[in-house]
Amino acid sequence: MRHADLRRIGVIGPPGNMALEWEFHGHLPRGVTMNHARAMRSGGTALTAGSLTEMGRNAIAAAESLVRTRPELLLYACTSGSFVEGPDTVDAVSDEITRATGLPALTASRAVLEALQALGARSVFLLTPYPEAINQAEIGFLNAAGLTVTGCVAHACTERYPIGAVASEETEALLLAHEEAARQADVVFISCTNLLSFDIVPGLEARLGRPVISSNLSLLWAALCRLELASAPEPGRGLYAALPDAATAPVPAAADASAGTALHERTA
């Protein structure tokens, strides 16, 4: 095998994110891999609009550092960091990444909107690990997309109990503590790319009787759709079922990732 035999996706994550590599790796079709970089921000584990905006600016250099791996697509894998400045800026970071690298890019928030649209959602029940100010910004972002947020619950994350400390079982328990409210929405959305979710989504869908998506699930599905390796979910089924089976999926043909070549040559 040669490196050129693999199709590649570049991922720019927050500095403390520990979920992306774990959740994505086990659900990639054979012959597809991901290379990761981090966009730094100040303020420790506390989330503020200012620190998230700073991270968005730093994502451009992180994206440029991935160009030499020759990805077909670059992902800005922070949900709050791609909606916090307002609904009109959902694609702002991805647009800047494309201008800087010549490569197509996608934000987590754009992927979430595409997932909700694919599922025909009109209403959403929201679960987050964010402080209230960020929760309100996310509700405004979803409302601006024409979605009704029927309820919002949040993990009480702090500097001593950061997002990375939250177990998926805690997310499941918090959601089921609001089970009746969650059933009132078309789709349940677990927001934040640092919340582990893949192991609980199928069981939650079976119990709630409606699709459950997460930031990571939406981002992976939307990325694979762009590589023509995933498709829209079947009627009555959720997004998780629309992912290709990594164990049996055929090895995809390597693409000619010629975009970004100029920058690659400058930085080789």
Side-chain angles (χ1 to χ4, degrees), residues 1 3 5-14 17-38 66 69 71-79 82 104-119 127 163-164 166-169 171-172 175 187-208 210-234 236-255 257:
M1 173 178 279
H3 287 301
D5 294 329
L6 297 172
R7 301 185 71 178
R8 296 180 182 275
I9 299 170
V11 183
I12 302 108
N17 190 295
M18 298 179 286
L20 288 163
E21 287 93 340
W22 173 252
E23 296 208 312
F24 285 174
H25 175 74
H27 292 81
L28 290 175
R30 289 181 299 162
V32 179
T33 191
M34 289 181 164
N35 297 99
H36 292 256
R38 294 292 191 272
L66 289 169
T69 67
E72 295 180 52
L73 175 68
L74 291 166
L75 308 179
Y76 182 50
C78 182
T79 317
S82 47
L106 173 69
T107 68
S109 290
R110 174 57 62 190
V112 167
L113 292 181
E114 291 180 4
L116 291 169
Q117 182 178 24
L119 292 166
L127 184 150
I163 298 170
V166 178
S168 58
E169 292 84 358
T171 294
E172 182 178 41
L175 184 55
V187 174
V188 172
F189 170 34
I190 300 169
S191 184
C192 183
T193 61
N194 205 17
L195 281 183
L196 293 164
S197 61
F198 279 28
D199 60 322
I200 60 174
V201 164
L204 286 170
E205 289 186 329
R207 176 152 179 175
L208 297 172
R210 62 220 338 93
V212 177
I213 66 169
S214 66
S215 294
N216 286 350
L217 180 55
S218 301
L219 190 55
L220 178 59
W221 169 80
L224 293 178
C225 284
R226 279 163 171 74
L227 270 60
E228 299 183 348
L229 298 173
S231 56
E234 298 177 6
R237 305 195 71 186
L239 210 62
Y240 192 87
L243 293 179
D245 187 334
T248 60
V251 179

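The chain is numbered in sequence order, starting from 1.
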Mind checking whether Glu205 and Val201 have side chains closer than 4.5 Å, heavy atoms only?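 In contact.
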Kindly indicate, with the supporting measurements, whether the criterion side-chain contact (heavy atoms from CB on, under 4.5 Å) is fulfilled by Ile163 and Cys192. CA-CA 9 Å; Ile163 298 170; Cys192 183; 3.9 Å; yes
Any donor-acceptor pair under 3.5 Å linking the side chain of Glu23 with the backbone of Ser197?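 Looks like yes, one N/O pair under 3.5 Å.
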Are Leu6 and Val32 packed together at the side-chain level, in the sense that at least one heavy-atom pair is separated by less than 4.5 angstrom? no
Please verify the inter-ring angle class for Phe198 with Phe24; under 30° counts as parallel, over 60° as perpendicular, anything in between as tilted. tilted
Can you check whether Pro104 reaches Leu74 side chain to side chain, under 4.5 Å on heavy atoms?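 No, side chains not in contact.
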Asn216 (side chain) donor-acceptor with Thr193 (main chain) under 3.5 angstrom: yes
Closest heavy-atom contact between Leu217 and Ile213?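 For Leu217 versus Ile213, the nearest heavy atoms are CD2-CA, 4.1 Å.
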Whether Ser214 side chain and Ile190 backbone form a donor-acceptor pair below 3.5 Å: no
Minimum heavy-atom separation for Ala19 and Asn194, please, with both atom names. N-OD1, 3.4 Å
Go through the steps to decide whether Leu219 and Leu106 satisfy the test side-chain contact (heavy atoms from CB on, under 4.5 Å), and finish with yes or no. CA-CA 8 Å; Leu219 190 55; Leu106 173 69; 4.0 Å; yes
Taking the side chain as everything from C-beta on, heavy atoms only, tell me whether Glu172 gets closer than 4.5 Å to Leu204.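 With C-beta onward as the side chain, the pair touches.
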Counting C-beta onward and ignoring hydrogens, is there a side-chain heavy-atom pair between Leu116 and Val187 closer than 4.5 Å? yes
What distance separates Leu73 CG from Met34 CE, expressed to the nearest 0.5 Å? 8.5 Å
Residue pair Glu72 / Arg8, side-chain heavy-atom distance below 4.5 Å: no
For Thr79, the option from Ser218, Pro14, Ser109 that meets side chain to side chain contact (heavy atoms under 4.5 Å, CB included):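 For Thr79, the side chain to side chain contact (heavy atoms under 4.5 Å, CB included) check succeeds only for Ser109.
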Going by the side chain to side chain contact (heavy atoms under 4.5 Å, CB included) test, name the single residue among Val11, Leu75, Ile12, Leu220 that passes it with Leu20. Val11
Within a reach of under 6.0 Å around CD of Glu21, are more than 12 heavy atoms found that belong to other residues, nucleotides or ligands?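 Atom CD in Glu21 is packed in, count exceeds 12.
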Answer whether the closest heavy-atom distance between the side chains of Thr107 and Val112 falls below 4.5 Å.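 No, their side chains stay 4.5 Å or more apart.
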Only pairs at least two apart or in different chains count here, so list each salt bridge (charged side-chain N to carboxylate O under 4.0 Å, His left out) that has a residue in residues 104-119. Asp91-Arg110, Glu114-Arg226
Test side-chain contact (heavy atoms from CB on, under 4.5 Å) on Ile9 and Leu227; report intermediate values, then the result. CA-CA 9 Å; Ile9 299 170; Leu227 270 60; 4.1 Å; yes
Would you call Val166 and Leu196 a side-chain contact if the rule is heavy atoms closer than 4.5 Å?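 Counting from C-beta outward, Val166 and Leu196 never come under 4.5 Å.
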For the pair Trp221 (side chain) and Pro233 (backbone), establish whether a donor and an acceptor sit closer than 3.5 Å, ignoring hydrogens and angles.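 Checked: no pair found.
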Over all heavy atoms of both residues, which pair between Ala108 and Ser82 is shortest? Give the atoms and the distance, please. N-OG, 4.0 Å
Provide the closest heavy-atom pair for Asn17 versus Arg38 in the form atom of the first, atom of the second, distance. O-NH2, 2.7 Å
Taking every non-hydrogen atom, the tightest pair across Leu28 and Thr33: CD1-CA, 4.0 Å
